[in-house]
Undergrad: 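Below is one structure. I have some questions about it.
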Amino acid sequence: MAPPSPPDSPTTSRPRILVPEKVSAEGLALLQEHYEVDVLPGLSSQDLHATIGTYHGLIVRSETKVTSSVLSAAHKLRVVARAGVGVDNIDVDAATRQGIIVVNSPAGNIVAAAEHTLALLLATARNVGRADGSMKSGRWERSKLVGVEVGRKTLGVIGLGKVGLKVARMAIGLGMEVLALDPYASPDVARQAGVGLVASLGELLPVVDFLTIHTPLLASTLNLLGEEEFKKMKKSARVLNVARGGVYNEEALLKALDEGWIAGAGLDVFTAEPPVEGSIAARLAAHPKVVATPHLGASTVEAQENVSMDVCTQVLEILRGGLPTAAVNAPLILPEEYRRLQPFVKLVEKIGSLYTQHFAASHQPGGMLGGRRFQLLYHGELASVSNTRPLFAALVKGLLSTISDTGGRDVNIVNATLIAKERGLSIDETHVRSPPTTTVSPEKTDNNSSSSSATTYASAVVLRSHPVTSGGVGEEQLIEGYVSGSGPSASIWISKLDRFTANFPPEGTLLVLHNYDTPGKIGNVGMVLGRHGINITFMQVAGLNREARLAAEKKVEEKEAASRAASVADGPPPAEGDGGGESEVLVTKEALMILGVDGDVTKEVVDDLARAEGILDVSLLRL
Ligand SMILES: NC(=O)c1ccc[n+]([C@@H]2O[C@H](COP(=O)([O-])OP(=O)(O)OC[C@H]3O[C@@H](n4cnc5c(N)ncnc54)[C@H](O)[C@@H]3O)[C@@H](O)[C@H]2O)c1
Ligand SMILES: O=C(O)[C@H](O)COP(=O)(O)O
C-alpha cells in the first residue's frame, strides 16, 4: 500500500499535530479533543519537508529523521515529541536553536526492551528462530537444533543503566551469574542487584557465555567490540544487541560468526534500519547463526501505551503554554538569573564533562562516577548566590553529557536532583566566602607556558570527588575553574586539574598527557600528532601544585633516608639502575601536557601517544 499523503491544505484553524509513525491511540486521543491530529504512518521524507511548515507539534518514533533541514522548514513547530527514549534521529541542537522543545519518554519502554533482550537470549540459546523456520518448511529436525542452557552460565552486561539493570535482574532470576562493565554505574546499586562489576573488556570477554550491550550509541561505544574483542570471547559465546546498531562493529561480527570465533547473535538493531539490501547489516540479519528482529525492543502494547501517554500529555501541556516533564533540551537557567550566572553555568557544565572524560572514563568501574561523593564549592562572590539550582543542574548535565542518550540535555533545574539520585551521584554544595588560594592568572596561558603564579579571583568553582563505598578509601580528585571578565566578554578557565596547577580554556578537543617533565617529551608528542595529521592549536605544561610537589619531595627524602639507614646496616647500596632511585626523583617532576588540537583524534592516535616514551596516561576530552 502506498504511504499516505498529507492533506493539501489545513481545513481548520486549530493547532495541528503531525504523527508520521505508528503511535498508540491512547495518548493521541488526549490530543484529538483539542487539536487537529494527522496520523500518517510511512510519510515520505519529501512529504515531511513539504508539509511540516503547517504543524505546531510533531510526534515520532525512531524511523522519522528530524533533521535540521526538516526543522528549518518547520516555521510553526513548538514541540517534537519522541514516543520512546533515543533521540538520535532528532537534531536536538537545531531544535534548541529554533526554540523548539524536544520531549521524550525516558522510562516508558524499559521493561519491554529488557524482556526483548531475554527473548533473544533464550532464542539464541535454543535456536528458536531456526527451529521455527525449519518446521514452517515442513521439516522435523531435532538433532541439528540442540541448544545450550542459560542457567548457571555467565551473562556480561555492558551498560548497567535502566535497561541493563533490569536485564541483569531478570537473568539472575533465570539462575545466571551476571558481570557488568559500566565505569559510571553505582557500585551500591550493582551490589544490591547481585551484579559483579568488572574493570575492563579484557576481564569480561573471556569469561562470559552471553554478552549484552545496553549503552547508548556514543563516541565511546561506537564499534566497542571489533575483531580483536570477538577473538577474546569463548567460541560458545552468544552476543545480543537491543541497544543501537553500531555498538558491535557489524563487519567484525559477521566475520566472528563466519569464522566460528563466537557461536551466535541475537540482534534487534542495525546501523541502517531497515538494512540496505546486500549490506553487512542485511547479511547479519539473514545469517543462520543470528536471531534477528526488526527493532522490536519497545514494540509491546503496554510500552507503546506508556510512551504515547507520556509524550502526548507533554505535547498537550506545551501547546497550552505549560511545562513538559521530560524535556530533552529545557533551559538550565531562568531569564532573570541569566546575566549573572550564565558564565558559571557554562563553567560548571564543562567541569562536569571534563571530570567524566578525564577521571571516570578510563579508570576502574563503579568507583568513578556513581558511588562517589561530589562536593561543589562556590568560592568568593559566587558564595552569596542563594539559588544555585542552575549550577547544580549544570554539574549533573556535564557529568552525564558524554555518557547518556540525550547528551545530558534532558537535565534541567526541575529534574537534576532526581536524575543525580537515579545515577547514584551524591552531590553536596558548599558556599565558601573566601576565594580559592591557588588560582593562576590568565596572562600565563600563552603557548608552551608553564603556569605557576598565584592570583585570586572574585569567584571560582571547585569540584572535589571522593569514593563513598567500602570504607571510603581512594584518591580525592579535584577540578578548579573560574570566570574571567564579565558580560559578553566573560571567558572560562580551568585552573587546577587534580594535583596540577593549570590554566586552560575548557573548549574544543583537548589532549591531556600525564608525563614526567623531562627533555624531549614535547618533540615526541609533536611527532606522533604530526604523523596523524593533527594540528596543535595551543599547548601548556601544568606542573604539580605546591602541596603535591612538597609531598612528593618529602616522600623521596624519606625513601632516601630509609635506604641510607639500610645500607649502613646491610653493607654497600645496590649498583645504580638496580633500585627505583631515578623514578622516585622523577615523581617530583610529574606534569600534565595539555594540548588543544584540530583534526580527527582516533583511538589509534590516543594509543600511539600512550606508547610514546615517558607518557604515563592520556585523556581525550571533547568539551
Ligand atoms: N531496541 C529498542 O527498542 C530499545 C528500547 C529501549 C532502549 N533502547 C536503547 O537502549 C540503550 C540503553 O537505554 P537505557 O534507558 O538503559 O539508557 P541509560 O542511559 O539508562 O543507561 C545507559 C548506561 O550505559 C552506561 N555507559 C555509557 N557509556 C558507557 C561505556 N562507554 N561503557 C560502559 N557503559 C557505558 C551509562 O553509565 C548508563 O549506565 C539506549 O541506546 C536506548 O536508546 C533500545
Ligand atoms: O529509543 C527507543 O525508545 C527504542 O529504540 C524504541 O524505538 P521505537 O519507538 O522506534 O520502537
Side-chain angles (χ1 to χ4, degrees), residues 20-24 41 59-64 81-90 104-117 119-120 156-168 180-186 189-190 195 197-201 204 212-225 240-247 266-270 273 293-300 303-304 306-308 310-311 328 356-357 360-363 365-366 368-371 399-408 410-411 419 422-425:
E21 290 189 61
K22 174 101 185 69
V23 172
S24 182
I59 303 181
V60 299
R61 288 179 59 186
S62 57
E63 280 181 27
T64 310
R82 162 66 165 107
V85 188
V87 288
D88 32 4
N89 54 322
I90 302 167
N104 73 348
S105 167
N109 59 26
I110 294 168
V111 173
E115 287 184 359
H116 196 68
T117 309
L120 290 184
V157 177
I158 302 181
L160 199 64
K162 295 187 287 292
V163 178
L165 189 61
K166 202 155 261 313
V167 168
L181 173 64
D182 185 335
Y184 319 106
S186 158
V189 172
V195 174
L197 282 173
V198 298
S200 63
L201 277 178
L204 187 73
T212 184
I213 302 190
H214 296 287
T215 64
L217 187 65
L218 307 161
S220 63
T221 59
L222 176 69
N223 297 325
L224 194 61
L225 262 72
L240 310 170
N241 189 1
V242 183
R244 281 291 180 268
V247 291
L267 305 177
D268 184 47
V269 283
F270 301 86
E273 295 181 359
T293 51
H295 201 147
L296 290 184
S299 293
T300 62
Q304 286 310 308
N306 290 343
V307 298
S308 172
D310 274 0
V311 298
V328 169
T356 300
Q357 297 182 67
S362 58
H363 297 74
M368 305 311 278
L369 204 53
L399 288 170
L400 301 182
S401 61
T402 52
I403 64 167
S404 78
D405 250 334
T406 55
D410 50 337
V411 179
I419 291 182
E422 281 173 358
R423 292 272 180 171
L425 300 173

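Counting convention: from 1, in listed order, for ligands and their atoms alike.
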Undergrad: Taking the side chain as everything from C-beta on, heavy atoms only, tell me whether P216 gets closer than 4.5 Å to T221.
TA: no

Undergrad: I want to check something: taking the side chain as every heavy atom from C-beta on, are L120 and V242 in contact at a cut-off of under 4.5 Å?
TA: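 Yes, at least one pair of side-chain atoms sits under 4.5 Å.
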
Undergrad: Check step by step if side chain to side chain contact (heavy atoms under 4.5 Å, CB included) holds for E273 and E63.
TA: CA-CA 8 Å; E273 295 181 359; E63 280 181 27; over 6 Å; no

Undergrad: Among V198, D182, L201, V247, find the residue that satisfies the side chain to side chain contact (heavy atoms under 4.5 Å, CB included) test when tested with I158.
TA: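 Of all the options given, the one that passes is L201.
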
Undergrad: In Å, rounded to the nearest 0.5 Å, how long is the span from CZ of R423 to OG of S186?
TA: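 So the gap between those two atoms works out to 11.5 Å.
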
Undergrad: What residues come within 4.0 Å of ligand 2, counting heavy atoms only?
TA: R61, S62, R82, A83, G84, V85, G86, N109, R244, H295, A298

Undergrad: I'd like to check the side chain to side chain donor-acceptor pair (under 3.5 Å) partners of T215; sequence neighbours left out, ordered by chain and number.
TA: none

Undergrad: Can you find a heavy atom in the side chain of N104 that is under 4.5 Å from one in the side chain of D410?
TA: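 No, side chains not in contact.
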
Undergrad: Using the rule side-chain hydrogen bond (donor to acceptor under 3.5 Å, both in side chains), only one of D268, D88, D405 pairs with R244; which is it?
TA: D88

Undergrad: Only counting residues at least two apart or in another chain, list the ones meeting side chain to side chain donor-acceptor pair (under 3.5 Å) with T117.
TA: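 If we apply the side chain to side chain donor-acceptor pair (under 3.5 Å) test to T117, skipping adjacent residues, there are no hits.
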
Undergrad: Show me, by chain and number, every protein residue that has a heavy-atom distance under 4.0 Å to ligand 1.
TA: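 Near ligand 1, by chain and number: N109, A113, I158, G159, L160, G161, K162, V163, L181, D182, P183, Y184, H214, T215, P216, L218, S220, T221, V242, A243, R244, D268, V269, H295, G297, A298, I403, D405, R423.
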
